2 protein chains.
Amino acid sequence: MTADNQIMTDKSQHLKDSVSLVNSYHKAAISVDCVIFGFEDEKLKILLIRSDLEQFKGKWSLLGDAIKENEELDNAANRVLLERTGMNDVYLEQFEAFSNPNRHPGGRVITLAYCSLLNIQHHELEITDNELHWHSVKSLKDKDLAFDHKMIIEKCFKWLQKRIQEHPLGFNLLPERFSLRTLQSLYEAILNIELDRRNFRKKFFSMDYLTDTGEYETDVKHRPGKLYAFNFEKYEKNKRKWTGIDF
Amino acid sequence: MTADNQIMTDKSQHLKDSVSLVNSYHKAAISVDCVIFGFEDEKLKILLIRSDLEQFKGKWSLLGDAIKENEELDNAANRVLLERTGMNDVYLEQFEAFSNPNRHPGGRVITLAYCSLLNIQHHELEITDNELHWHSVKSLKDKDLAFDHKMIIEKCFKWLQKRIQEHPLGFNLLPERFSLRTLQSLYEAILNIELDRRNFRKKFFSMDYLTDTGEYETDVKHRPGKLYAFNFEKYEKNKRKWTGIDF
DNA sequence: TCATAATGTGTAAAAAGTACATATTTTGTA
DNA sequence: TACAAAATATGTACTTTTTACACATTATGA
C-alpha cells in the first residue's frame, strides 16, 4: 500500500507545472505581414509602403507590425490592414511563417504572412501614409524590397497561381459585375498564359456559377459584353469534392 | 542649402532604428507541434505521447516543444522529432500557426504545426518515453487530447486529404515496393471512399510514375500481386502544370 | 482436383477538353 | 447611310479522359 502510494507520488512529480514551464521558454517577437493583391488595368497589383526603418531607407515593404499581447494572429493582420489603409472588411488568409533569425536587422522577429485579394475600386485607400499605393507585381522584379519581403511575395504569388485554379478566389479581385473578357484577362494575367476565348467561356458556363445580370458593359468602344455576377452561395453548396487523383 | 539639409535631417528623423523598434515589441513563446502520419494494417495512424503536464494528466498530445533562441521553425520541428523518436531523416512541412491566447494553460504560446508522412516499418521508434506510439486516426474521436491538438489534427487531416490528390505524398507512407492493392487501400483509407480497382489501376499506370520491380508479394494467401516502386525523379520532372481551372 | 479469392487485362459508352469556324452587334469613319 | 473594324456570342467536329462494367488468369488450401 505504502509502496504503491510512493510510486504514485513519484509519478506525479514527473508531471510539470504549465506556468513555470512556459516561463522557462525563450520568447521572441512575432509580426504579421499582409500581402494584398488587387487587379487593375488588366494587371495584378500589390499594396506596398515605404519602409520607415533607417536600414531600409527608400525600400518598399509589405504592410506589417508586431502582434500585441494576447492578440490573435488573424486579428493582428486585420488590425495592420485597418491601421495602414483604413479597410476593415477584408478577409485575410494565413499563408506561411518565416523564421530566419537574420530576416530582421533589429533582432529576431518571426513573421506570419497573410494574403488577401480585393477589388481595388471598392477599396479606396483612406490612408496613404508612407506612400502607400498599388504596384504591379511584374514591376517588383526591378525593385529592392525591405526584409525578406521579395521572397515572401514570390512564394505568395505562386500560392495564388495554384489556388485560383481550385478555388474561385479570383472573383474577389473583380467588381460585382464583370464581363467574361475581364474574367479571362484576370486568369491570363495571374497565370501568365493565353486561353482560348471560346473554351474559357464554355468552361465557366458549364460550371454554372455565373449569374446573368441582364446588364451590359458601357464605355467600351466596341460591342458591349454582358455582365455577370459570381454566385458564391451556389459554389459553397456544390463545390467539388474531388476524387480524380491528379498529380 | 541649409533649408534643404534641414528637410533631409527632418525626414531622416522619421526613420526608425530597427534595434530599438524590435526591443519595443511584445515577445511571446513559440512552439512547434509535429503531426506525423503513418499507414499500417490498412489504417491511417498518427504519433502521440502522453502529456507531461499536470493539467493534461493522462491526455494524449502531439510531439512538441518551444523553439530555442535563433532556432528556425523547420529546425525546431526536426529537433523535436529527433529528441522524441530518434528519427532524423524525415521531411516535415509547415502546416499552420495557432495563436489562441488561451490554448496553453501555462500562458501564451503560439504554435506552428508541422506535418509529415512516413513509413512506419522503416522508422522504428528508438525512443518511446511518455508512451509514445501510433494511434489510428479514427480512434482519436473517442479520445481527449491535450491543448487544441484535436483541432490541429483534424485540420491537418483535411489538408492531407486534399494534398494527397494533387501530390504523390501517399508514397511516403508506403514501403519502397508495394502492390497496387496496398496503394489503393491507402487512398481509400485516407479519403474514406471506395474506388474501382480497374480504373484505379488504369489511372496510375497512365500517369507512368510506377516502376515494375519484377518482384511479387509474399505471405499473401491468394495470388500474389506485382510490386511497384514510385519514380519520384520522373515525377519531379514532369509534374502537372495545370491550366484546367477546376473549382 | 477444384472452389475460392485475389490479380491482371479489356472494352464500350459517357463526359470533358481542345481546336477551330462562323454569325452577330456595336463603334466609328468615309 | 453604308461599311470596315473589333469585339461578343454561339456552334461543331475531334480527341482525350473518365466511368462502368466483363472476363480471363494464377496462386491458395481444403
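Keep in mind the model is a prediction, meaning the values are calculated, not measured. Sequence lines set the chain letters: A, B, ... in the order given, protein chains first and strands last, and positions in each chain run from 1.
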Legend entry - B:Trp242 CH2 to C:dG17 P, straight-line distance once rounded to whole Å: 13 Å
Legend entry - Toward the 5' end of DNA chain C, by each residue's nearest nucleotide, B:Ile245 or B:Gly225: B:Gly225
Legend entry - Test: B:Arg84 and B:Asp65 ion pair at under 4.0 Å: no
Inset, instruction - Taking the six-membered ring for Trp and the single ring otherwise, decide whether the centroids of A:Phe39 and A:Phe37 are under 6.0 Å apart. - result: no
Inset, instruction - Considering only NZ, NE, NH1 and NH2 on the basic side and carboxylate oxygens on the acidic side, decide whether B:Asp144 and B:Lys150 come within less than 4.0 Å. - result: no
Inset, instruction - Give a yes or no on whether B:Asp219 atom CG has more than 12 heavy-atom contacts from other residues, nucleotides or ligands under 6.0 Å away. - result: no
Inset, instruction - Figure out the CZ/P separation between A:Arg240 and C:dA16, and round it to whole Å. - result: 10 Å
Legend entry - Side-chain donor/acceptor of B:Arg223 to base of C:dT7, under 3.5 Å: yes
Legend entry - Stretch residues 181-192 of chain B: residues that reach within less than 4.0 Å of DNA chain D through a heavy atom: none
Inset, instruction - Would you check if there is a donor-acceptor pair between the side chains of B:Lys143 and B:Ser139 at a distance under 3.5 Å? - result: yes
Inset, instruction - Check the distance between D:dT18's C1' and B:Asp246's CG and give it to me in whole angstrom. - result: 13 Å
Inset, instruction - Rounded off to whole Å, could you give me the CZ-to-P distance for the B:Phe200 and C:dT9 pair? - result: 16 Å
Inset, instruction - Find the distance B:Lys226:NZ to C:dT7:C1' and express it as a whole number of Å. - result: 11 Å
Legend entry - Given D:dA9, C:dT9, D:dT26, the nucleotide with the shortest approach to the side chain of B:Arg201: C:dT9
Inset, instruction - Nearest whole angstrom, please: distance from the C1' of C:dT18 to the CD1 of A:Ile193. - result: 14 Å
For nucleotides 19-21 of chain D, print each protein N/O atom paired with a nucleotide N/O atom at under 3.5 Å, atom names and distance only.
{"residue": "D:dT19", "atom": "O4", "partner": "B:Lys202", "partner atom": "NZ", "Å": "2.9"}
{"residue": "D:dA20", "atom": "N7", "partner": "B:Asn199", "partner atom": "OD1", "Å": "3.4"}
{"residue": "D:dA20", "atom": "N7", "partner": "B:Asn199", "partner atom": "ND2", "Å": "2.9"}
{"residue": "D:dA20", "atom": "N6", "partner": "B:Asn199", "partner atom": "OD1", "Å": "3.3"}
{"residue": "D:dA20", "atom": "N6", "partner": "B:Lys202", "partner atom": "NZ", "Å": "3.1"}
{"residue": "D:dC21", "atom": "N4", "partner": "B:Arg198", "partner atom": "NE", "Å": "3.0"}

Inset, instruction - For B:Lys203 and for B:Arg197, find the nucleotide of DNA chain D with the closest heavy atom, then tell me which residue's nucleotide is more 5'. - result: B:Lys203
Inset, instruction - Please find out if less than 6.0 Å separates the ring center of A:Phe171 from that of A:Phe178. - result: yes
Legend entry - Minimal non-hydrogen separation, B:Tyr228 against B:Thr213, with atom names: C-CG2, 3.9 Å
Legend entry - Side chains of A:His167 and A:Arg240 in contact at under 4.5 Å (non-hydrogen atoms): no
Inset, instruction - May I ask you to say whether A:Arg50 pairs ionically with A:Asp129, meaning some side-chain N is under 4.0 Å from a carboxylate O? - result: no
Inset, instruction - Identify, residue by residue, the members of residues 205-222 of chain A with a heavy atom below 4.0 Å from DNA chain C, and return them in order of residue number, or none. - result: A:Lys221, A:His222
Inset, instruction - Rounded off to whole Å, could you give me the CZ-to-P distance for the B:Phe204 and C:dT7 pair? - result: 15 Å
Inset, instruction - Assess whether atom NZ of B:Lys203 is packed by more than 12 heavy atoms of other residues, nucleotides or ligands within 6.0 Å. - result: yes
Legend entry - Short N-O contact, A:Arg181 and A:Glu217, less than 4.0 angstrom: no
